[in-house]
Amino acid sequence: MTVTPLPGVKPDRLLAVLEQVHDHLGNKTGAVTGTSQRFAAYIQWANDSVGLLRKLVGPNDLESLVLTRRYWVLQDKATIDGGPLAYLLNTAIDEQLSLLQEAVNDLRLQIARWSHPGWLVVADTSVYIRHEDKLRDLVFSRILPSRHEPVHLLVPILVVDELDGLKQSKDKHVRWRAGHSLGVIDELQPEADFVGELRPADFSTVDEGGIPSGQVTIQVVLDPPAHSRLPIEDDEIVDRAVAFQTLASRPVTLLTFDTGMSTRARFAGLRVTKLTSDKDDHKGERGLGVASG
């Protein structure tokens, strides 16, 4: 189960609280034997847990972890001792212990995923199509003030989907660039959570006064389970970049040719590098940097 901290909440802080909530559920309900006593301990745990988590996660996560449907069903059975109450209570506790452990394990993986040093970057679909350099040749130290620092390029799965759709474009150049970009991504991302090297670090030009270039890695990021995409693609990409920034607890930079995307991203609290190009003859197709509104 994927749990997302609220903006401004450090993932390490949320992880510590989730572990605490998980341990308290097992300890409090496991220390008593009678059904009514166990029920009282469970309700006390739920109230305490809501107080601990309500400022760390959103209402949907709070309902999934604590205020579940079984929790509310149990309220109607509070006057029953033994029998149905015992079965419902045991099932609810076992299920919530499992969900909490799953959330703890997933958050640990998330923290490890975002531990890459250097710049975290999300490129809009327009960059893969319109930039004068194709994906293999992109030198990020010429686009960003990253210089010798590593760059970790995060590819939301929506961008992959958009590139896939652009393989059917009527424009030959767009079709080719979409296919090329997907081929590189597919080659460097053979499995989930794999980090591929797009470009090695290059310091060969430093002695001649050139700009050094740090290593560039690339990683596709899938949508979380049960994630519902926003209806506007620009909003969805910005939303995913903001989620990455929250989980990483450090800035994410968005690259785009699109003024609308740039504005959305800045208002959402992302760093933005807006690129410019003379190739503005592909208007009307989503993913080519044309503002959608």
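N47 CG to L52 CG: the interatomic distance, rounded to the nearest 0.5 Å, is 11.0 Å. Between the CZ atom in R108 and the CD1 atom in I111 there is a gap of 9.0 Å [rounded to 0.5 Å]. Atoms CD and CG, from E102 and L107 in turn, are 12.5 Å apart once rounded to the nearest 0.5 Å. How far CG of L163 is from CD1 of I185: 5.5 Å, rounded to the nearest 0.5 Å. Rounded to the nearest 0.5 angstrom, R250 CZ and Q245 CD are separated by 10.5 Å. For the atom pair R271 CZ and T253 OG1, the distance stands at 5.0 Å (nearest 0.5 Å).
Evaluated for a side-chain hydrogen bond (donor to acceptor under 3.5 Å, both in side chains) with T125, the options R130, E162, E233 yield exactly one hit, E162.
Smallest separation of non-hydrogen atoms from V272 and R266: CG2-CG, 3.5 Å. The shortest heavy-atom contact between L67 and V50 is CD2-CG2, 3.8 Å. A pairwise comparison of heavy atoms in L65 and L100 identifies CD2-CD2, 3.9 Å as the closest pair. Between P11 and L247 the shortest heavy-atom distance is CG-O, 3.0 Å. Pairing each heavy atom of R136 with each of L198, the nearest pair is NH1-O, 4.2 Å. Minimum interatomic distance between D48 and K28 (heavy atoms only, all atoms of both residues): OD2-CE, 4.2 Å.
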Working note: R264 + D235, criterion side chain to side chain contact (heavy atoms under 4.5 Å, CB included); need CA distance, chi angles, decisive distance, verdict.
CA-CA 7 Å; R264 287 175 168 88; D235 289 341; 2.6 Å; yes

Would D164 and L182 satisfy side chain to side chain contact (heavy atoms under 4.5 Å, CB included), going step by step from the backbone distance to the final call?
CA-CA 7 Å; D164 228 3; L182 287 170; 3.5 Å; yes

Would you sort out whether V238 and M261 count as a side chain to side chain contact (heavy atoms under 4.5 Å, CB included), showing the intermediate values?
CA-CA 8 Å; V238 169; M261 171 78 82; 3.5 Å; yes

Quick one: do R240 and L158 satisfy side chain to side chain contact (heavy atoms under 4.5 Å, CB included)? Show the steps, please.
CA-CA 9 Å; R240 298 306 304 138; L158 173 59; over 6 Å; no

Given E95 and R69, is the salt bridge (charged side-chain N to carboxylate O under 4.0 Å, His left out) satisfied, shown in steps?
CA-CA 11 Å; E95 183 179 79; R69 186 169 60 178; over 6 Å; no

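With a 4.5 Å cut-off on side-chain heavy atoms, E63 and Y71 do not count as touching. Looking at T259 and K274, their side chains come closer than 4.5 Å, going by heavy atoms from C-beta outward. Under the 4.5 Å side-chain criterion, counting only non-hydrogen atoms from C-beta, K134 is not in contact with S181. When side chains are defined from C-beta on, V195 counts as touching H152, because their heavy atoms get closer than 4.5 Å. Between R229 and I157 there is a side-chain heavy-atom pair separated by less than 4.5 Å. N90 is listed as a side-chain neighbour of R38, based on a closest heavy-atom distance under 4.5 Å. In this structure, the side chains of L25 and T29 come closer than 4.5 Å at one or more pairs of heavy atoms. Side-chain contact between L53 and V17: present, with at least one pair of heavy atoms (C-beta onward) separated by less than 4.5 Å.
No continuous path of ILVMFWY side-chain contacts below 4.5 Å connects V139 to V151, so the two sit in separate hydrophobic clusters. Under the 4.5 Å side-chain heavy-atom criterion for grouping Ile, Leu, Val, Met, Phe, Trp and Tyr, L109 is not connected to L15 through any hydrophobic cluster. Hydrophobic clustering, with ILVMFWY side chains joined whenever heavy atoms are under 4.5 angstrom apart, groups L275 together with L254. F194 and L135 fall into different hydrophobic clusters, where Ile, Leu, Val, Met, Phe, Trp and Tyr residues are linked whenever their side-chain heavy atoms come under 4.5 Å apart, directly or through other members. Clustering ILVMFWY residues whenever any of their side-chain heavy atoms sit less than 4.5 angstrom apart, transitively, puts I129 in the very cluster that holds I143.
Remark: H22 pairs with Q101 by the side-chain hydrogen bond (donor to acceptor under 3.5 Å, both in side chains) rule, at least two apart or across chains. Under the rule for a side-chain hydrogen bond (donor to acceptor under 3.5 Å, both in side chains), the partners of S49 that lie at least two apart in sequence or sit in another chain are W45. Take A123 and apply the side chain to side chain contact (heavy atoms under 4.5 Å, CB included) test, not counting sequence neighbours, and it matches V127, Y128, L153, L255. For D61, the side chain to side chain contact (heavy atoms under 4.5 Å, CB included) test picks out M1, V3, T4, V57, with sequence neighbours left out. Remark: Q37 pairs with V32 by the side chain to side chain contact (heavy atoms under 4.5 Å, CB included) rule, at least two apart or across chains. By the side-chain hydrogen bond (donor to acceptor under 3.5 Å, both in side chains) test, E149 is found to be paired with W119, residues two or more places apart in sequence or in another chain being considered.
Environment of NE2 in H148: sparse, with no more than 12 heavy atoms of neighbouring residues, nucleotides or ligands closer than 6.0 Å. Other residues, nucleotides and ligands contribute only 12 or fewer heavy atoms inside 6.0 Å of the CZ atom of R54.
In this structure a side-chain-to-backbone donor-acceptor pair under 3.5 Å is missing from S98 to D94.
A donor-acceptor contact closer than 3.5 angstrom links the side chains of D124 and S126. When only modelled atom types and interatomic distance are considered, Y42 and Q96 share a side-chain donor-acceptor pair under 3.5 Å.
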